[in-house]
2 protein chains.
Amino acid sequence: MHGMSEKSAAQGGLRERKKRATRAALAEAAVRLAAEHGAEKVTVEAISAAAGVSVRTFFNYFDTRDDAFVVIDAEAGARMRQAVLDAPAALSPLQALREAMAAELAEAEQQHELWRLHARVLHASPHLLVRTLGAHMADETELAEVVAARIRAGGATASAPPPAFATDEERRGALDLYPRLLAAVAGTAVRISVEHWCARQEEAAFLDVFQEVFALLAAGLPAPPA
Amino acid sequence: MHGMSEKSAAQGGLRERKKRATRAALAEAAVRLAAEHGAEKVTVEAISAAAGVSVRTFFNYFDTRDDAFVVIDAEAGARMRQAVLDAPAALSPLQALREAMAAELAEAEQQHELWRLHARVLHASPHLLVRTLGAHMADETELAEVVAARIRAGGATASAPPPAFATDEERRGALDLYPRLLAAVAGTAVRISVEHWCARQEEAAFLDVFQEVFALLAAGLPAPPA
DNA sequence: TGCAAAGATGCACACTCTGCAAAATTACCT
DNA sequence: AGGTAATTTTGCAGAGTGTGCATCTTTGCA
């Protein structure tokens, strides 16, 4: 045993640290260039040059050019899953997810500049927003599993009148379905919150919009007054 | 004014009909080839050849190769919007959307072969599912506008206790937010329904899954029993 | 029939992305 | 240290995607 004592900060060997640095450099370069010249006009060559690596290396890190505009923070998903697991047992799944996402979003918003740049790039070219959605979708399955684990562990079971099932099989199907649906809807909620917040030129605090969206979901999307 | 009286069946001149035919031929060729050889191994050249047009023409119809696997029915969105507008005023927005989507899905399922082929292709390569999502997202904005129009017209206003707003501005923001959220969540609901139905090898009727998902949404995503 | 508009096509060209093998870098051992 | 194995970076060749432009064919219409 040598000096592998610190595991709080930049853990891992030189190799992993360099890889993370390169990946981050590529992603940041991509976003900055896209914010300046428009995403469509940014070539892989330009991104690679800005990050100080070869074009070939770019494709060692990202399967697609667009992926560089999309991932930004690769560990966000894992952090969120942990937060869901760590949430107080009294919270319903929807509430737990809301808290976990709010914390993650609040943290992301602290890196102000890059975050807003990223939001602007996505807003400027919707097809990238779709890719972002797709990236989140990859996490969606894992997030659903965490939610399922939480439910099995028995956190805030059936706060509302528990839906009655006709057959056991039907209930089993629902238990499989519910976590997936919850994870997917939560992701959609984030997206709509960002879009609405962007559309209104940030006249309201982002977290307020986010909370309102979750309130609507928890209320079952009731019809608003005309 | 001449003979532009028929508007029910294959309307439009020879030009438009040919364009629709070419587009449909390309889309169908793409799906069939993808179902047989795997989507990644199908080149634009092969699709174009199967549809009897040049490669260049393919790109006159689709911006991207992947788009050919995604659109299938270009008018589905418009039909659904019309259905939302035509729904009985007694239905809540969520219910109206559920009915419209159920009708559209039931119709799509009647073309059995191509529909299932399409579902299989999308299930085989998730990144195409993302593109499909994206295509639906393009409709999402228009769908949201239709929902907003329905609400303004005053269909089933505030069935649940109407959420109280602190300020007028807050209510205005919510009115703008609600239709977007509803459209997006409904799209997500369809996706999850299809995924869950596919994952279970079609052991349940698709429309039953779909109905269950909407029931969960209407109930505010309550925690299921552990 | 003839003219104008719109679509289809071929061609050149830039860009994306993938193997493959060689060179450079890091990890780990004595 | 020094050396070897593992991993990463890089260049290169090549297939495939996507675009602008000029040309040719088809359709719409008088």
Side-chain angles (χ1 to χ4, degrees), chain A residues 1-6 10-27 29-30 33-34 37-71 74 125 127-128 130-131 134, chain B residues 1-6 10-27 29-30 33-34 37-71 74 125 127-128 130-131 134:
Chain A
M1 288 188 185
H2 234 331
M4 48 170 55
S5 50
E6 77 276 271
Q11 62 175 334
L14 207 175
R15 223 160 219 169
E16 292 217 21
R17 253 182 296 132
K18 262 198 169 180
K19 278 183 72 173
R20 268 204 291 270
T22 301
R23 186 186 187 84
L26 282 169
L33 288 171
H37 305 115
E40 341 281 275
K41 314 220 59 171
V42 178
T43 69
V44 172
E45 192 177 353
I47 300 172
S48 307
V53 296
S54 71
V55 172
R56 189 62 184 80
T57 295
F58 175 95
F59 286 108
N60 285 341
Y61 283 90
F62 299 99
D63 285 342
T64 297
R65 168 177 153 280
D66 290 352
D67 284 346
F69 301 109
V70 157
V71 281
S125 38
H127 85 100
L128 285 183
V130 173
R131 301 284 292 198
Chain B
M1 290 183 186
H2 234 330
M4 47 171 57
S5 49
E6 78 275 270
Q11 61 173 335
L14 208 174
R15 224 163 219 168
E16 292 217 21
R17 250 181 298 132
K18 261 197 170 179
K19 278 182 72 174
R20 268 205 292 270
T22 301
R23 187 186 186 85
L26 282 170
L33 287 172
H37 305 115
E40 338 283 276
K41 313 218 58 170
V42 178
T43 68
V44 173
E45 192 176 353
I47 300 172
S48 306
V53 295
S54 72
V55 172
R56 190 61 185 82
T57 295
F58 175 95
F59 286 108
N60 285 341
Y61 282 90
F62 300 98
D63 285 341
T64 295
R65 168 177 152 280
D66 290 352
D67 285 346
F69 301 109
V70 158
V71 281
S125 37
H127 86 100
L128 284 182
V130 173
R131 299 284 292 200

Original post:
What's the CD1-C1' distance between Ile47(B) and dG18(D), to the nearest Å?
Top reply: 14 Å

**OP:** Give a yes/no answer on whether the side chain of Ser54(A) brings an N or O atom under 4.0 Å of OP1 or OP2 in dT10(D).
**Re:** yes

Original post:
Between Arg23(B) and Lys19(B), is any pair of side-chain heavy atoms under 4.5 Å apart?
Top reply: no

Original post:
Rounded to the Å, how far apart are Lys18(A) NZ and dT8(D) P?
Top reply: 12 Å

Subject >> Integer-rounded Å distance: dT23(D) C1' and Asn60(B) CG >> reply: 14 Å

**OP:** Work out which heavy atom in Leu128(B) is nearest to a heavy atom in Val70(B); give both atom names and the distance.
**Re:** O-CG2, 3.9 Å

**OP:** Rounded to the nearest angstrom, tell me the gap between atom CD in Glu16(A) and atom C1' in dT25(C).
**Re:** 15 Å

**OP:** Evaluate the criterion side-chain contact (heavy atoms from CB on, under 4.5 Å) for residue pair Val44(A) and Phe59(A); output intermediate values, then yes/no.
**Re:** CA-CA 9 Å; Val44(A) 172; Phe59(A) 286 108; 3.9 Å; yes

**OP:** Dump the intermediate steps for side-chain contact (heavy atoms from CB on, under 4.5 Å) on Phe69(B) and Ile47(B), then the final yes or no.
**Re:** CA-CA 10 Å; Phe69(B) 301 109; Ile47(B) 300 172; 4.3 Å; yes

Subject >> Atom-to-atom span, NZ of Lys19(B) to P of dA5(C) - whole angstrom >> reply: 17 Å

Original post:
Whole Å only: how far is the CZ atom of Arg17(B) from the C1' atom of dA6(C)?
Top reply: 16 Å

Original post:
Which distance, rounded to the nearest 0.5 Å, do you find between the CG of Asp63(B) and the CG of Asn60(B)?
Top reply: 10.0 Å

**OP:** Could you tell me the separation between the OH atom of Tyr61(B) and the C1' atom of dA6(C), rounded to a whole number of Å?
**Re:** 11 Å

Original post:
What string of B, S and - do you get for nucleotides 13-24 of chain C, 5' to 3', if B is base contact, S is sugar-phosphate-only contact and - is no contact with any protein heavy atom under 4.0 Å?
Top reply: ---SBBBB----

**OP:** Please report the closest heavy-atom contact between Ala29(B) and Ala50(B), naming both atoms and the distance.
**Re:** CB-CB, 3.8 Å

Original post:
Between Phe58(A) and Arg65(A), is there a cation-pi geometry (under 6.0 Å to ring centre, at most 45° from the normal)?
Top reply: no

Original post:
Any side-chain heavy-atom pair from His127(A) and Thr64(B) closer than 4.5 angstrom?
Top reply: no

**OP:** Using five base pairs at each end, measure the axis-to-axis angle across the helix from dT1(C)-dA30(D) to dT30(C)-dA1(D) and round it to 10 degrees.
**Re:** 30°

Subject >> Distance, rounded to the nearest Å, where Arg15(B) contributes CZ and dT27(D) contributes P >> reply: 8 Å

**OP:** Considering non-hydrogen atoms only, spot the tightest contact between Val53(A) and Leu26(A) and give its length.
**Re:** CG2-CD2, 3.9 Å

